[in-house]
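Accompanying notes for the structure given below.
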There are 2 protein chains.
Amino acid sequence: MTTAEDTTPTADADRDRPAGSAEYAHTAGWVASVLRARIAAGDLTPGTKLSEQTLSTSLGVSRNTLREAFSALAGESVITRIPNRGVFVASPGIEEVREIYRVRRAIEPAAVLWGELSAEALESMESIVQRALTARDDGAVADMADANQALHSSVVDLTGSSSLRVLMDRVLAEMRLVFHAMTSAPDFHAHFVERNVRLVERLRAGDRLAAAEGLRAYLDDAETELVRRIST
Amino acid sequence: MTTAEDTTPTADADRDRPAGSAEYAHTAGWVASVLRARIAAGDLTPGTKLSEQTLSTSLGVSRNTLREAFSALAGESVITRIPNRGVFVASPGIEEVREIYRVRRAIEPAAVLWGELSAEALESMESIVQRALTARDDGAVADMADANQALHSSVVDLTGSSSLRVLMDRVLAEMRLVFHAMTSAPDFHAHFVERNVRLVERLRAGDRLAAAEGLRAYLDDAETELVRRIST
DNA sequence: CTCACCGGAATTGTTGAACAATTCCCTGCC
DNA sequence: GGCAGGGAATTGTTCAACAATTCCGGTGAG
């Protein structure tokens, strides 16, 4: 089992804690954001154990404060808590992937079909698609993945709902965990850039029902593709 | 400002804490569930301050453990945390109500349109509608409200997604807070029982698009009605 | 050699006390 | 009545301790 201290053998205590003492409030929130970022960046890979002792000294906070941060992160299902065993970076399996796509197949087409489709939103989406296209042609895999996720985020934003945005962010974070858990996630997104283009085209044309149905088919295919890659 | 201790002047320490010492694990989780239940039951009304000192002694847990529970509840937006001021039972206003209906207008029609509509699910929904009807005729307002909420929960369940179920439960809990904040929530649900009947009828008939659109109109009306009641 | 068992060491779960920083609230002054 | 000042209460955070549990290495039996 991997442990967090493996990646940082030397303790980097107090790494840029918010200001000397003025930004006093909410250390726990700061800790949670740091851990969230490290996990999202792949610095902490799925399954890694987060030892209370090690992390608290490494971050320069007390064990109690760290536990408070853990409580918040557990609610976001970013980490998994096993009683008396400790907390681990969540490592999503096939069932989690299916759940991810259940959520996406519900809220993304709903946003496409019923969201408020302003001109700015449409232009923003078109520029994002363009970014994905150039990234693909340049072979910039990470940029392409980012652009793809950004597109689907802005799709959900069509609903205007912050809660759905939060849920989508959580889901995309979990997706990133899935990719981190795979030994290599090469060109998963490449197959889907074209379909994103078509999605935006249909939206531009005002054919929202076709856009929604196409998006559902897109998500179906992405799910089976991802499940296939995990299973093998 | 109301405070929690007003409702329980005499400290009821250790009120049915899970077993003598065997169910040791997860005191914080237990505390969170207790608070969640008390808030949902209207025992703790919106705006009530939750004092750390009072609550920790009243529940027989340490202040640190209580804070851990607070972290979890804040993530569910059941409580509001104001730095250096304390935590309060969330008191949703108009903007929160609008957000609630943004979420519902997205995920409920999506479930109706694209969810897996099994025979059992349909029968369950029909029995729930029946329950709401008899409750309305008996003047059992609380039962009717419960049945209505149960119906919409089972609508979301058509997606098969636990995350969406959790989100819906959170939203309905917030709705209950809205009602608790109103001096009296008399027959808000009565207007909508008929429309629930029609919703299920359309589902039974297999006309999912009409069901989805009807549900969206339903939610629009419910939102404006609720906003109107709050504003006055 | 494998495996079950056992005891110490490490880790988690939880508590209580302490202290700085902030906010609350009451009092006295104009 | 309004306003400044100054304890008192409350929050934010840390530290040290302890029970309960799990982990880990060795030991002995088969």
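Chain letters run A, B, ... following the sequence lines, proteins first and then strands; every chain starts at 1. Since the structure is predicted, the reported quantities are computational estimates derived from the model, not experimental observations. Side chains are part of it too, since the values below use all heavy atoms of this structure and drop only hydrogens, waters and symmetry mates.
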Inter-axis angle, terminal five-pair segments of the helix from C/dC1-D/dG30 to C/dC30-D/dG1 [nearest 10°]: 10°

B/T27 side chain near C/dT14 phosphate (N/O to OP1/OP2, under 4.0 Å): yes

Residues forming a side-chain hydrogen bond (donor to acceptor under 3.5 Å, both in side chains) with [X], sequence neighbours excluded:
X: A/D146; value: none
X: A/R85; value: none
X: B/S163; value: A/E99

Side-chain heavy atoms of B/L226 within contact of B/M175, under 4.5 Å: yes

Sub-4.5 Å side-chain heavy-atom contact between B/H152 and B/Y218: yes

Lys/Arg N to Asp/Glu carboxylate O, A/D220 vs A/R216, below 4.0 Å: no

NZ/NE/NH1/NH2 to OD/OE distance under 4.0 Å, B/R131 and B/D143: no

Pairs satisfying side chain to side chain donor-acceptor pair (under 3.5 Å), at least one member in residues 86-96 of chain A, at least two apart: A/E95-A/R102

Within residues 63-78 of chain A, residues whose heavy atoms come under 4.0 Å of DNA chain D: A/R63, A/N64, A/T65

Between P of D/dT14 and NE2 of A/H26, the distance in whole Å: 14 Å

Atom-pair distance (CD on A/E52; P on D/dT22), nearest Å: 15 Å

